[in-house]
Peer 1: 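Pasting a structure below so you can have a look.
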Amino acid sequence: MDPECSRLLPALCAVLADPSQAVADDTCLEKLLDWFKTVTEAGSSLLLLQENPCLVDLLSHVLDLKPQDVSPRVLSFSLCLAGTFAAQEDCFEYLQQGQLLLGLFGEAGPLSWAAWSVPTVRSGWIRGLRSLAQHPSGLHFLGNSGAVDALFSLQGDSSLFVASAASQLLVHVLALSMQAAPQVTQALNVLTTTFGRCHSPWTEVLWGQLSPLVAHLLESDPIPAAHSLVDLLLSVARSPVFASADCGLWETMARMLSCLSPTQAGSLALGILKLQHCPQALRSQAFRVLLQPLVCILRATTQAPGPPGLLDETSAGSSMMVDTLLSSKSACVGLLCQTLAHLEELQPLPQRPSPWPQTLLVEAAVIILQLCDGSAVPSSSEGGRLCGALAGCSRVQRAALDFLGTLSQGISSRELMPQVFAVLLETLESPASSPMVLKKAFQATLRWLLDLPSPSSCLDLGPHAPLFLRELFPVLQKRLCSPCWEVRDSALEFLTHLTACWGGEADFREALLASEVPKLTWQLLRDPESYVRASAVTAMGQLSSQGLEAVSESPGHPEVQQGLIGELLHILSMDSEGFPRRAVVRVFTEWLRDSHADVARDTEWFVATVLQMVSQDLDWEVRAQGLELVRVFLVQTLGQPNPHCPYAVTLPKVTPPGPLPEVLRTLCQLQIIDFAFRALFDCDRPVAQKACDLLLFLREKTAPCSGLQEPGNSSDVTSVEATLHRWQAGEQSQPLGNLEPEELLAALRSLDLEGFQGRLAESSDHVEKSPQSLLQDMLATVAVLEENVADCY
């Protein structure tokens, strides 16, 4: 231990042991515990206590106080501290000589004090035991002190944190001791964690003792703690110990699948299907259980629902499923949402069942959406009742749309596309669709359109998509005019992604330009809602990149005459919200990267104009994105950064548009250098980090220019350096001016950019993290608190 810390420690222990003293807050005590843990891990705890007897005195003094005088905060700290020291067996024996540990953790200690009612004390007691239970002596102490019984009683503690900590300690004890046998009905969660964390051979013996109890629980109706039982069985099945063991586990799971209610069985079925190793018969049974709700939906609404073989296989137990679906609206909605979520989770997994009934699943998702919007035609009385239960249910609609979106992958034929596009169009058109349902419908539509054959491999979008697009764009126009801003925002996001993928296709371009969508998107640049304006900026940027923007005819706005760039510059300079301004700079960056025609016409003017506005912006994300725009410009001008990996592919070098000194002079004239240096001293760390990386890149690229003559007037360089120092101190009123190339190179060499980079990467509290600083702060806090005590009389 540091000598200065040893000198401060007695005073701090005296403060903690004195009930009349104001004690530091929990954060300081936790930091102190972390420090002691670090010290004991690096050396001997016994030596630490012998060299600093004030620590043992503190623990003894806590026991000597009257129970009502003990501070719960100090008591919890002392319990954790004692456990930290006792984690080493020789120190454990040293503390046991005076019965100190028994007094702190035994039945006569804090367990019987009034302070035990405070959750912090119970948590500290558990943490202390968890620390000392690292060796045989500690485990023996747990058994003899009565602590195990207390741990079982804490499983149902009113504090979730205490109950969780007690559960974890029991798991730890079970993993170290092969003789523990907790009662199954009281410790299912503990056992689940045990089998999940401990993969020793003895767990097979433990399961052999537990399986009869589990079988007995399955005979009850209803099954008690069904969810916990499901978690336990799946935890056992995932353990590698049972991968090839013949222990009756699979038979128990099969039996439980048939005993559980449909709602409870779904979670078990999904867990079984996600297992890497499982008997095929059990997998088939689990998949039938998972499909049963959808099969019942198909039977109730159509005469010929999918492949008859699969439906026949899932008919067993369907009466119970129908009863559950029709028992109440809440039961029907809950079961369908759970089933759709489970199948959505299963669909992308490599271990999903094969063959995968894609057609049945798509048809079921379509019919569920039709039941929700009232367009389904029931073929039975059950179907009519389902229509009533699901009509207008946005929760089921959202789940079905999410699931339908995942089913766009792996379609083997296009036969299902007309009905999928039809139900998506119905949902998008319906006035009853909520904003969230419309958002999900746009997302599902996008996934189905994007998963069509790629433009590079076919001449058009296929036989169904052009017709769908001609019907889609009028609906999109309607949603762009919605009074609900969330709907307008979702429609713009959909348009942006769709244009990015299909903007070059003739069918798409024809359908888009025949609509009012581009014009409406332009008008939304002045939407009253900032989120919508930001999405409209992104959408217009994408449309313009594809040559699909429309010219606004709005009168009274002179910037409209300058085209889209003028409109976006107006937003960047005048919009009061940050979201649209960020979107503008992102669009400008992409335009510069892609050599957009309007940007390539006069790139230098474009960059200078944007930076003039960005440098004055109060939003740090706008400034950071402005630095990204500068980086793109520098890469295009000077070339890619030099690869630091010897195996990296060497890209062709970019030839600067002129001699390097002239290029540097141009960078200064465009205010790029001024902007980068100011950003280096920005109060927002992400901006400063980006500026530092940018200047390092510039210095690397100008290294070949280091042979330039030193500036004739060294006072000019001194003036530049003095200005930079003032900027670093926060005085940024004086500009750099137009630097000569030699002055710029000298300034780059004079700055310790690597040092800047290292300091910016450090956490904000790295200066005051030392143990000495912590002890000093705690003692200073006590003094301040004493000074601030007011006399209430």
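Numbers here are sequence positions counted from 1.
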Peer 1: T589 and side-chain hydrogen bond (donor to acceptor under 3.5 Å, both in side chains): which single residue from R631, E628, Q625 fits?
Peer 2: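 Looking at R631, E628, Q625, the match for T589 under the side-chain hydrogen bond (donor to acceptor under 3.5 Å, both in side chains) is Q625.
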Peer 1: Where is the tightest heavy-atom contact between W502 and F508, given as atom of each residue plus distance?
Peer 2: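 Looking at all heavy atoms of both residues, the shortest contact is O-CD2, 3.2 Å.
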Peer 1: Can you tell me how far the NZ atom of K690 sits from the CH2 atom of W620, to the nearest 0.5 Å?
Peer 2: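 K690 NZ to W620 CH2: 9.5 Å, rounded to 0.5 Å.
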Peer 1: Would you compute the distance between atom CZ of F675 and atom CG of L680 and round it to the nearest 0.5 angstrom?
Peer 2: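 F675 atom CZ to L680 atom CG measures 12.0 Å (nearest 0.5 Å).
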Peer 1: Counting heavy atoms not belonging to M613, are there more than 12 under 6.0 Å from its CE?
Peer 2: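 Count over threshold, so yes.
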Peer 1: Set out, in order, the CA-CA distance, both residues' side-chain angles and the distance that settles side-chain contact (heavy atoms from CB on, under 4.5 Å) for L401 and Q443, then state yes or no.
Peer 2: CA-CA 8 Å; L401 287 165; Q443 291 172 346; over 6 Å; no
Peer 1: Mind checking the CG-CG spacing from L753 to L695? Nearest 0.5 Å is all I need.
Peer 2: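 CG of L695 is found 6.0 Å from CG of L753.
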Peer 1: Cation-pi between R759 and F756: NZ/CZ under 6.0 Å from ring centre and within 45° of the ring axis?
Peer 2: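 Flagged: R759 positioned over aromatic ring of F756.
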Peer 1: So, are D34 and K37 salt-bridged, with charged N and O less than 4.0 Å apart?
Peer 2: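 A salt bridge is absent here (no side-chain N lies under 4.0 Å from a carboxylate O).
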Peer 1: For L525 and I571, which heavy atoms make the closest approach, and how far apart are they?
Peer 2: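 The answer is O-CD1, 4.0 Å.
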Peer 1: Under 3.5 Å, side chain of T445 to main-chain N/O of A441, donor-acceptor pair present?
Peer 2: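 Present.
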Peer 1: If you define the side chain from C-beta out and look only at heavy atoms, does anything of P119 sit under 4.5 Å from F161?
Peer 2: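 Counting from C-beta outward, P119 and F161 never come under 4.5 Å.
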Peer 1: With side chains defined as the heavy atoms from C-beta onward, is the minimum distance between L564 and W591 less than 4.5 Å?
Peer 2: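 L564 vs W591: side chains touch.
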Peer 1: Quick one: are F606 and D598 in side-chain contact, heavy atoms under 4.5 Å?
Peer 2: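 No, their side chains stay 4.5 Å or more apart.
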Peer 1: Hey, does the side chain of R509 reach the backbone of G503 with a donor-acceptor pair shorter than 3.5 angstrom?
Peer 2: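 Yes, because the side chain of R509 sits within donor-acceptor range (under 3.5 Å) of the backbone of G503.
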Peer 1: Please answer whether the main-chain N or O of L760 pairs with a side-chain N or O of Q689 as donor and acceptor at a distance below 3.5 Å.
Peer 2: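 Judged by distance alone, yes, a pair lies under 3.5 Å.
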Peer 1: Would a distance-only check, ignoring hydrogens and angles, find a side-chain to backbone donor-acceptor pair under 3.5 Å from S544 to M540?
Peer 2: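 Not confirmed, S544 side chain does not pair with M540 backbone.
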Peer 1: For V532, does its backbone N or O pair with a side-chain atom of S535 as donor and acceptor, under 3.5 Å?
Peer 2: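 No, because the side chain of S535 does not come within donor-acceptor range (under 3.5 Å) of the backbone of V532.
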Peer 1: Strictly below 4.0 Å, N to O, side chains only: are R749 and E742 in salt-bridge contact?
Peer 2: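 Salt bridge: no.
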Peer 1: Can you see whether S545 engages H596 through a side-chain donor-acceptor pair at a distance of less than 3.5 angstrom?
Peer 2: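 On atom types as modelled, these side chains do not qualify, holding no pair under 3.5 Å.
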Peer 1: Of all heavy-atom pairs between G639 and F697, which one has the smallest distance, and what is that distance?
Peer 2: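 Minimum heavy-atom contact is O-CZ, 3.2 Å.
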Peer 1: For L446 and F494, work out which heavy atoms get closest and say how close.
Peer 2: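 It is N-CE1, 3.9 Å.
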Peer 1: Taking the side chain from S76 and the backbone from R73, do they hold a donor-acceptor pair closer than 3.5 Å?
Peer 2: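 Not at all, since once roles are kept as given, no pair shorter than 3.5 Å links the two residues.
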Peer 1: Could R623 and D684 be called an ion pair, given the rule that one side-chain N must be under 4.0 Å from one carboxylate O?
Peer 2: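 Salt bridge flag = yes for D684 with R623.
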Peer 1: Check the pair F677 / L744 against side-chain contact (heavy atoms from CB on, under 4.5 Å), numbers first and verdict last.
Peer 2: CA-CA 11 Å; F677 275 129; L744 171 58; 4.1 Å; yes
Peer 1: For the residue pair Q671 and D674, establish whether any side-chain heavy-atom pair is separated by less than 4.5 Å.
Peer 2: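 The answer is yes; the side chains approach within 4.5 Å.
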Peer 1: Under a 4.5 Å cut-off applied to non-hydrogen side-chain atoms, are L495 and T521 in contact?
Peer 2: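 Side-chain contact under 4.5 Å: yes.
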Peer 1: Should the pair E754-R699 be classified as a salt bridge under the 4.0 Å nitrogen-to-oxygen rule?
Peer 2: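 So E754 pairs with R699 through a salt bridge.
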Peer 1: Under a 4.0 Å N-O cut-off, is there an ion pair linking D402 with R398?
Peer 2: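 R398 and D402: not salt-bridged.
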Peer 1: Name all residues meeting the side-chain contact (heavy atoms from CB on, under 4.5 Å) criterion together with S515; count only those two or more places apart in sequence or in a different chain, and write none if there are none.
Peer 2: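 Partners of S515 by the side-chain contact (heavy atoms from CB on, under 4.5 Å) criterion, ordered by chain and then number, come out as F473, Q477, L512, V517, P518.
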Peer 1: Compare all side-chain heavy atoms of V74 with those of L29 and state whether any distance is below 4.5 angstrom.
Peer 2: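 V74 vs L29: side chains apart.
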Peer 1: Got a donor-acceptor contact below 3.5 angstrom from the S573 side chain to the H570 backbone?
Peer 2: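 Between the backbone of H570 and the side chain of S573 there is a qualifying donor-acceptor contact (under 3.5 Å).
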Peer 1: Is E493 salt-bridged to K439, cutoff N-O under 4.0 Å?
Peer 2: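 Answer for the salt bridge query: yes.
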Peer 1: Take E567 and R526 through the test salt bridge (Lys or Arg N to Asp or Glu O under 4.0 Å) and record every step on the way to the result.
Peer 2: CA-CA 10 Å; E567 182 71 13; R526 296 180 178 269; 3.1 Å; yes
Peer 1: At their closest point, which heavy atom of Q757 faces which heavy atom of L696, and how far apart are they?
Peer 2: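 Nearest heavy atoms, Q757 then L696: NE2-CD1, 3.5 Å.
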Peer 1: Among V537, V622, L627, whose side-chain contact (heavy atoms from CB on, under 4.5 Å) with V585 holds?
Peer 2: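 The side-chain contact (heavy atoms from CB on, under 4.5 Å) with V585 is passed solely by V622 among V537, V622, L627.
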Peer 1: Are any non-hydrogen side-chain atoms of I673 and L664 less than 4.5 angstrom apart?
Peer 2: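 No - every pair of side-chain heavy atoms lies 4.5 Å or more apart.
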Peer 1: Does some side-chain heavy atom of R533 sit less than 4.5 Å from a side-chain heavy atom of F579?
Peer 2: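 Sidechains of R533 and F579: no contact.
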Peer 1: For a quick test of your reading: what N or O donor-acceptor pairs under 3.5 Å do the side chains of residues 480-487 make, sequence neighbours left out?
Peer 2:
| unit_1 | atom_1 | unit_2 | atom_2 | d |
| --- | --- | --- | --- | --- |
| S482 | OG | C484 | N | 3.1 |

Peer 1: Before giving the answer on side-chain contact (heavy atoms from CB on, under 4.5 Å), spell out for L698 and L638 the whole-Å C-alpha distance, their side-chain angles and the decisive distance to 0.1 Å.
Peer 2: CA-CA 9 Å; L698 184 60; L638 300 173; 3.8 Å; yes
Peer 1: Between E529 and R488, is there a salt bridge with N-O shorter than 4.0 Å?
Peer 2: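 Salt bridge between R488 and E529, a charged N being under 4.0 Å from a carboxylate O: no.
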Peer 1: Minimum heavy-atom separation for A676 to A691, with atom names?
Peer 2: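 Smallest heavy-atom distance, with atoms named: O-CB, 3.6 Å.
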